[in-house]
Amino acid sequence: MSSRTYTSTSADANSSALTDLNAEERSRILAKAALFSPPSATLSDGRRDLVGLSRDELTDILTEIGEKPFRTKQLWHWIYHQGVTDFSRMSTIAKPLQQKLAERFIIGRPEAATVQTSSDETRKFLFRFRDGQEAETVYIPDRREDRGAVCISSQVGCTLSCTFCHTGTQKLVRNLGAAEIVSQFMAARDSYGEWPSPKGETPRLLSTIVLMGMGEPLYNYENVAKAMKIIMDGEGIGLSRRRITLSTSGVVPLMDRCGDELGINLAVSLHAVRNDLRDEIVPLNRKYPIEEVLAACRRYPAASNARRITFEYIMLRGINDSEADARELVRLISGIPAKVNLIPFNPWPGSDYKPSTREQQNRFAEIVMSAGFASPIRTPRGRDILAACGQLKTASERARASSVPVSE
């Protein structure tokens with residue numbers, strides 16, 4: 001056997017082993033996610049929330065009450081294109097059917113327990129769900145154009161315990177359901193009156209989604225994926241996959257699945273260039289070290305020069321912000337279609353870290369940029385209302401005593 005043949009066979013074996021390992025690990029992660037499942041979408045009075053259902057699920061429950069499958073398209077249009085929450089406003093549906101639907105179903109929204117608007121016009125919503133649990137959502141308007149990003153949460157609390165992140169001090173309470181994820185975006189649109197959904201080249205005020213709120217989205221993958229498929233459906237909200245970014249701390253097995261099934265943009269919370277340091281500040285690194293995370297990035301099918309992977313890098317004074325760190329970062333991401341978001345640390349009550357000086361941030365950025373990677377220094381938004389990166393947290397942990405204990 002030639003060395004070339006041997007190398008190819010060895011590579012195939014490694015790839016097969018990786019596939020098997022990822023499949024086994026994915027199963028473990030999804031089984032654990034089930035322990036933190038959201039509550040039933042059926043209310044105490046027996047009515048079912050239609051938000052968060054797939055098209056097939058919506059067809060099935062309409063069939064159960066004797067309605068034809070074409071009703072699915074009608075309802076989908078009213079719920080996700082028009083943003084209607086009242087069946088009586090569905091003008092293409094006869095009044096007897098409107099009443100029948102209202103008796104059996106609702107079109108839900110979370111309660112906006114508090115809404116705060118920053119001096120820079122960033123708006124933070126504290127959404128309360130039907131079981132009383134809460135999560136925060138932030139709308140970040142663009143400074144130059146009439147558009148902006150909706151930062152959506154995927155969990156109540158978080159299981160990762162990243163030491164620089166306020167959310168990480170709140171233990172995981174539960175996952176959010178597909179309806180609760182979709183409805184954060186819909187409720188934000190309610191707040192800005194952006195219905196019906198803009199089509200084609202019509203500008204959107206709420207133009208992008210970033211899954212960068214509370215929680216690790218890939219530890220709630222199935223609900224997140226279902227929600228994003230609803231949001232990307234062209235006959236409803238119709239947001240392009242190019243306008244959606246999922247941020248992960250590096251749940252490697254589900255990074256692969258996300259790329260295969262959703263093809264949305266990927267952002268990776270890297271934050272350190274050495275495993276010993278990343279073990280400390282991003283404890284998930286002990287399970288999926290830097291080398292494995294970067295290998296998953298290289299495999300990510302949606303990555304290209306037109307759709308680069310974003311590496312998020314929190315700038316902590318005297319910890320990870322040296323020029324040597326910058327040079328090692330460049331070495332690590334070499335060959336990956338990437339950009340680097342440098343994030344000044346946003347202080348929160350009880351935190352011990354300090355943000356890097358502006359001079360050090362600039363030196364770090366220059367090294368990364370000179371290597372050919374865009375490396376903008378993110379301007380903190382919403383700090384005055386604790387809406388900036390790493391500052392989100394709710395009081396839902398108070399109710400956690402009756403929830404399933406964390407075993408991470």
Evaluate D60 against T63 for side chain to side chain donor-acceptor pair (under 3.5 Å), listing each step before the verdict.
CA-CA 5 Å; D60 288 345; T63 301; 5.3 Å; no
Please evaluate residues Q184 and V150 with respect to the criterion side-chain contact (heavy atoms from CB on, under 4.5 Å), reporting the C-alpha separation (whole Å), side-chain torsions for both, the decisive distance (0.1 Å), and the verdict.
CA-CA 9 Å; Q184 289 176 65; V150 184; 6.0 Å; no
Over 12 foreign heavy atoms within 6.0 Å of CG, D45
yes
Should L50 and L58 count as side-chain neighbours, where that means a heavy-atom distance under 4.5 Å?
yes
Hey, do the aromatic rings of F36 and Y219 have their centres closer than 6.0 Å?
no
State whether the side chain of S27 and the backbone N or O of A23 hold a donor-acceptor pair below 3.5 Å, judged by distance alone.
yes
For Y192, is the NZ or CZ atom of R123 found under 6.0 angstrom from the centre of its six-membered ring and inside 45 degrees of the ring axis?
yes
Count the heavy atoms of every other residue, nucleotide or ligand shown that sit under 6.0 Å from CG of D146, and state whether that count exceeds 12.
no
Would E121 and R143 count as a side-chain contact (heavy atoms from CB on, under 4.5 Å) if you check the C-alpha gap in whole Å, the side-chain angles of each, and the deciding distance to 0.1 Å?
CA-CA 9 Å; E121 299 186 347; R143 290 182 179 274; over 6 Å; no
Going by side chain to side chain donor-acceptor pair (under 3.5 Å), name the residues that satisfy it together with S249, two or more places apart in sequence or in a different chain.
none
Are the side chains of S154 and N175 in contact, using a 4.5 Å heavy-atom criterion?
no
Here the pair of heavy atoms bringing S375 nearest to A365 is OG-O, 3.0 Å
Which heavy-atom pair separates P198 from R189 by the least distance, and what is that distance?
CD-NH2, 2.8 Å
Between V268 and C297, which heavy-atom pair has the shortest distance, and what is it?
CG2-SG, 3.7 Å
Using the test side chain to side chain contact (heavy atoms under 4.5 Å, CB included), find all partners of E145 that sit at least two apart in sequence or belong to another chain.
D142, R147
For residues 278-313, the ring-ring contact (aromatic ring centres under 6.0 Å, His included) pairs (sequence neighbours left out) are Y313-F364
Taking N320 for its side chain and I314 for its backbone only, find out whether a donor-acceptor pair lies under 3.5 Å.
yes
Any donor-acceptor pair under 3.5 Å linking the side chain of R278 with the backbone of A272?
no
Residues 358-374 vs salt bridge (charged side-chain N to carboxylate O under 4.0 Å, His left out), sequence neighbours excluded, gives E323-R363
Between Q133 and V156, is there a donor-acceptor pair closer than 3.5 Å when you use the side chain of the first and the backbone of the second?
no
Side-chain heavy atoms of E216 within contact of Q155, under 4.5 Å:
yes
Basic-acidic side-chain contact under 4.0 Å: D49, R130
yes
Examine distances only and state if a side-chain atom of N220 and a backbone atom of L176 form a donor-acceptor pair shorter than 3.5 Å.
yes
Is C162 close to I281 at the side-chain level, that is, under 4.5 Å between some pair of heavy atoms?
no
Is there a side chain to side chain donor-acceptor pair (under 3.5 Å) between S191 and Y139? Walk through the geometry before answering.
CA-CA 10 Å; S191 179; Y139 175 64; over 6 Å; no
Can you check whether C258's main-chain N or O pairs, donor with acceptor, with E261's side chain at less than 3.5 Å?
no
Has R307 got a side-chain atom pairing as donor or acceptor with G263's backbone, closer than 3.5 angstrom?
yes
Distance-only check: which donor-acceptor pairs under 3.5 Å involve side-chain atoms of residues 227-241, not counting sequence neighbours?
residue, atom, partner, partner atom, Å
D233, OD1, R55, NH2, 3.2
D233, OD1, W76, NE1, 3.4
D233, OD1, E235, N, 2.9
D233, OD2, R55, NE, 2.9
E235, OE1, R55, NH2, 2.8
S240, OG, R242, N, 3.0
R241, NH1, L262, O, 2.4

Determine yes or no for a side-chain-to-main-chain donor-acceptor pair under 3.5 angstrom, with R286 supplying the side chain and D279 the backbone.
yes
Presence of salt bridge, R104 and E64, under 4.0 angstrom:
no
For V224 and L211, the nearest pair of non-hydrogen atoms, with its separation, is CG1-CD1, 3.8 Å
A267 to M212 - nearest heavy-atom pair and separation
CB-CE, 3.9 Å
Can you find a heavy atom in the side chain of L246 that is under 4.5 Å from one in the side chain of P217?
yes
Listed once per pair and sorted, the salt bridge (charged side-chain N to carboxylate O under 4.0 Å, His left out) pairs that draw on residues 179-188, sequence neighbours left out
R174-E180
Main-chain N/O of M186 paired to S183 side chain as donor or acceptor, under 3.5 Å
no
Does E136 come within less than 4.0 Å of K124, counting only side-chain N to carboxylate O?
yes
ring-ring contact (aromatic ring centres under 6.0 Å, His included) contacts touching residues 115-137 (sequence neighbours left out):
F125-F127
How about I106 and R48: do any of their side-chain heavy atoms sit closer than 4.5 Å?
no
Flag, side chain of S161 to backbone of P283, donor-acceptor distance under 3.5 Å
no
Just to verify, what does S91 make a side chain to side chain contact (heavy atoms under 4.5 Å, CB included) with, not counting sequence neighbours?
W78
One pair to check against side chain to side chain donor-acceptor pair (under 3.5 Å): S54 and D56. What are the steps and the verdict?
CA-CA 5 Å; S54 68; D56 288 344; 5.4 Å; no
Go through the steps for N265 and T310 under the test side-chain contact (heavy atoms from CB on, under 4.5 Å), then give the verdict.
CA-CA 8 Å; N265 300 321; T310 299; over 6 Å; no
Run the side chain to side chain donor-acceptor pair (under 3.5 Å) test against E280 and tell me which residues pass, sequence neighbours left out.
none
Sequence neighbours excluded, the answer for side chain to side chain donor-acceptor pair (under 3.5 Å) partners of D190 is R109, W195
Heavy-atom check, side chain of V340 versus side chain of L329, under 4.5 Å
yes
Inspect the surroundings of CZ in R243 and state if more than 12 heavy atoms from other residues, nucleotides or ligands are less than 6.0 Å away.
no
What are the two closest heavy atoms between S269 and E312, and how far apart are they?
OG-OE1, 3.0 Å
Taking the side chain as every heavy atom from C-beta outward, state whether Q361 and D321 have any atom pair closer than 4.5 Å.
no
Could you work out, with side chain to side chain donor-acceptor pair (under 3.5 Å) as the rule, every residue matching S351, not counting sequence neighbours?
none
Could you walk me through whether V251 and Y221 pass the side-chain contact (heavy atoms from CB on, under 4.5 Å) check?
CA-CA 10 Å; V251 184; Y221 177 77; over 6 Å; no
Under the rule for side chain to side chain contact (heavy atoms under 4.5 Å, CB included), what residues qualify as partners of S334, not counting sequence neighbours?
none
